[in-house]
Chemist: 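Take a look at the following structure, please.
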Amino acid sequence: MTFTIAIDGPAAAGKGTLSRKVAEAYGFHHLDTGLTYRATAKALIDRGLPLDNEAVAADVARTLDLGGLDRNVLSAHEIGEAASKIAVMPSVRRALVEAQRAFAIREPGTVLDGRDIGTVVCPEAPVKLYVTASAEVRAKRRRDEINSAGGSADFDTILADIVRRDERDSGRSDSPLRRADDAHLLDTSEMSIEAAFSAAKAIIDAALKH
Ligand code: DC
């Protein structure tokens with residue numbers, strides 16, 4: 001039997017960093033499901049295909065190779081915007097959820113992070129975490145990240161962007177961003193990544209003992 005850890009939350013809440021740390025600590029496979037939406041969007045853009053044709057986007061989603069997902073290539077802002085547009089399409093979601101579920105059963109265990117893992121992709125996961133932080137804290141972290149990478153970023157623009165992304169992710173009718181009833185809430189607004197990891201570890205260790 002495999003062991004699945006579902007980690008959801010809004011953009012820039014720290015769930016990616018936390019998921020990678022958890023996967024490494026337990027020797028589990030990790031899938032950032034946001035990358036599956038981003039890779040589908042990038043494939044459409046690269047092939048000059050429209051971003052508003054659901055049948056075309058679903059065809060591309062069905063042929064996606066989960067092995068070739070590269071965060072560095074897929075992190076561009078425009079790709080994130082395009083991804084959040086195709087993420088509202090039910091047949092795109094069905095295709096990607098099928099691939100994500102196939103990933104989730106890998107041995108000895110898996111960590112999947114995204115928006116709908118605990119609610120839709122892996123509702124039976126023995127551990128569900130909902131990682132969040134205030135929009136201001138998330139915007140500040142993103143700004144610091146961009147600045148330390150040598151870029152220059154305006155706080156108000158980033159904040160507006162995060163709020164808009166939250167609305168799109170929470171407001172869509174198919175699989176909106178939502179905390180599962182049985183998910184543990186981790187509000188990282190005033191928590192370091194180490195503190196968030198310790199809290200997650202305590203929850204996971206307790207579940208593994210069952
Ligand atoms: O987490 P991210 O920024 O890489 O996600 C890109 C987009 O994909 C985001 O707008 C929400 C969407 N997404 C989703 O709908 N469901 C998921 N499980 C993961 C991401």
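Just the heavy atoms: all of them, side chains too, but no hydrogens, waters or symmetry mates, feed the values below. As the structure lists them, so they are numbered: ligands from 1, and atoms in each ligand from 1. The chain is numbered in sequence order, starting from 1.
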Chemist: Taking only non-hydrogen atoms of Arg172, do any sit less than 4.0 angstrom from ligand 1?
Modeler: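 Per 4.0 Å heavy-atom rule, Arg172 contacts ligand 1.
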
Chemist: Considering residues, nucleotides and ligands other than Glu54, do more than 12 of their heavy atoms fall under 6.0 Å from its CD?
Modeler: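 Correct, the count exceeds 12.
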
Chemist: Nearest to atom 20 (C) of ligand 1, what protein heavy atom do you find, and at what distance?
Modeler: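 Nearest protein contact, heavy atoms only, for atom 20 (C) of ligand 1 is Gly34 CA, 3.5 Å.
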
Chemist: Which atoms from ligand 1 have a heavy atom of Asp116 less than 4.0 Å away?
Modeler: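 Heavy-atom distances to Asp116 below 4.0 Å select 16 (N), 17 (C), 18 (N).
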
Chemist: Taking Val120 as the fixed residue, which of Arg101, Arg115, Arg178 is the one that meets the side chain to side chain contact (heavy atoms under 4.5 Å, CB included) rule?
Modeler: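 Checked Arg101, Arg115, Arg178 against Val120; only one passes side chain to side chain contact (heavy atoms under 4.5 Å, CB included): Arg101.
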
Chemist: Asp32 to ligand 1: N or O pair under 3.5 Å?
Modeler: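 N/O-N/O distance under 3.5 Å: no.
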
Chemist: Please verify the inter-ring angle class for Phe28 with Phe3; under 30° counts as parallel, over 60° as perpendicular, anything in between as tilted.
Modeler: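 Correct class here is tilted.
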
Chemist: What protein heavy atom sits nearest atom 16 (N) of ligand 1, and how far away is it?
Modeler: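 Of every protein heavy atom, Arg93 NH2, 3.1 Å lies nearest to atom 16 (N) of ligand 1.
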
Chemist: For atom 1 (O) of ligand 1, what is the closest protein heavy atom, and at what distance to 0.1 Å?
Modeler: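 Nearest neighbour among protein heavy atoms for atom 1 (O) of ligand 1, to 0.1 Å: Arg115 NH1, 2.8 Å.
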
Chemist: Which residue owns the protein heavy atom closest to atom 7 (C) of ligand 1, what's the atom, and how far is it?
Modeler: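 The closest one turns out to be Ala83 CB, 3.9 Å.
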
Chemist: Could you state whether Leu18 and Leu31 fall into the same hydrophobic cluster, counting links through intermediate Ile, Leu, Val, Met, Phe, Trp or Tyr residues with side-chain heavy atoms under 4.5 angstrom apart?
Modeler: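 Not linked; separate clusters.
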
Chemist: Which heavy atom of Gln100 sits nearest to which heavy atom of Tyr37, and what is that distance?
Modeler: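 Heavy-atom minimum between the residues: NE2-CE1, 3.7 Å.
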
Chemist: Can you find an N or O of Gln100 that's nearer than 3.5 Å to an N or O of ligand 1?
Modeler: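 Between Gln100 and ligand 1 (N or O atoms, distance only) the closest approach is not under 3.5 Å.
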
Chemist: May I ask you to list the atoms of ligand 1 that are less than 4.0 angstrom from any heavy atom of Arg165?
Modeler: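 This gives 3 (O), 10 (O) as the contact atoms.
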
Chemist: Among all the protein's non-hydrogen atoms, which is closest to atom 12 (C) of ligand 1, and how far away is it?
Modeler: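 Looking only at protein heavy atoms, the one closest to atom 12 (C) of ligand 1 is Ala87 CB, 3.8 Å.
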
Chemist: Tell me, which protein residue and heavy-atom name are nearest atom 19 (C) of ligand 1, and how many Å apart are they?
Modeler: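 For atom 19 (C) of ligand 1, the nearest protein heavy atom comes out as Thr33 OG1, 3.4 Å.
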
Chemist: Yes or no on side chain to side chain contact (heavy atoms under 4.5 Å, CB included) for Leu49 and Val60, after CA distance, side-chain angles and deciding distance?
Modeler: CA-CA 10 Å; Leu49 295 168; Val60 170; 4.3 Å; yes

Chemist: For the pair Arg164 and Glu81, evaluate salt bridge (Lys or Arg N to Asp or Glu O under 4.0 Å) and give the outcome as yes or no after the intermediate values.
Modeler: CA-CA 10 Å; Arg164 203 176 54 238; Glu81 282 294 306; 3.7 Å; yes

Chemist: Can you confirm whether Glu107 is buried at CD, in the sense that more than 12 heavy atoms of other residues, nucleotides or ligands lie under 6.0 Å from that atom?
Modeler: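 Yes.
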
Chemist: Identify, for atom 11 (C) of ligand 1, the protein heavy atom at the shortest distance, and state residue, atom and that distance.
Modeler: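 It is Asp169 OD1, 3.4 Å.
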
Chemist: Which heavy atom of the protein is the closest neighbour of atom 3 (O) of ligand 1, given with residue, atom name and distance?
Modeler: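 For atom 3 (O) of ligand 1, the nearest protein heavy atom is Arg38 NH2, 2.9 Å.
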
Chemist: Run the numbers on Leu64 and Leu96 for side chain to side chain contact (heavy atoms under 4.5 Å, CB included), then give the verdict.
Modeler: CA-CA 8 Å; Leu64 189 71; Leu96 295 181; 3.8 Å; yes

Chemist: Considering only heavy atoms, which of Ala82, Ser84, Pro176 lies nearest to atom 10 (O) of ligand 1?
Modeler: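 Among Ala82, Ser84, Pro176, the closest heavy atom to atom 10 (O) of ligand 1 comes from Ser84.
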
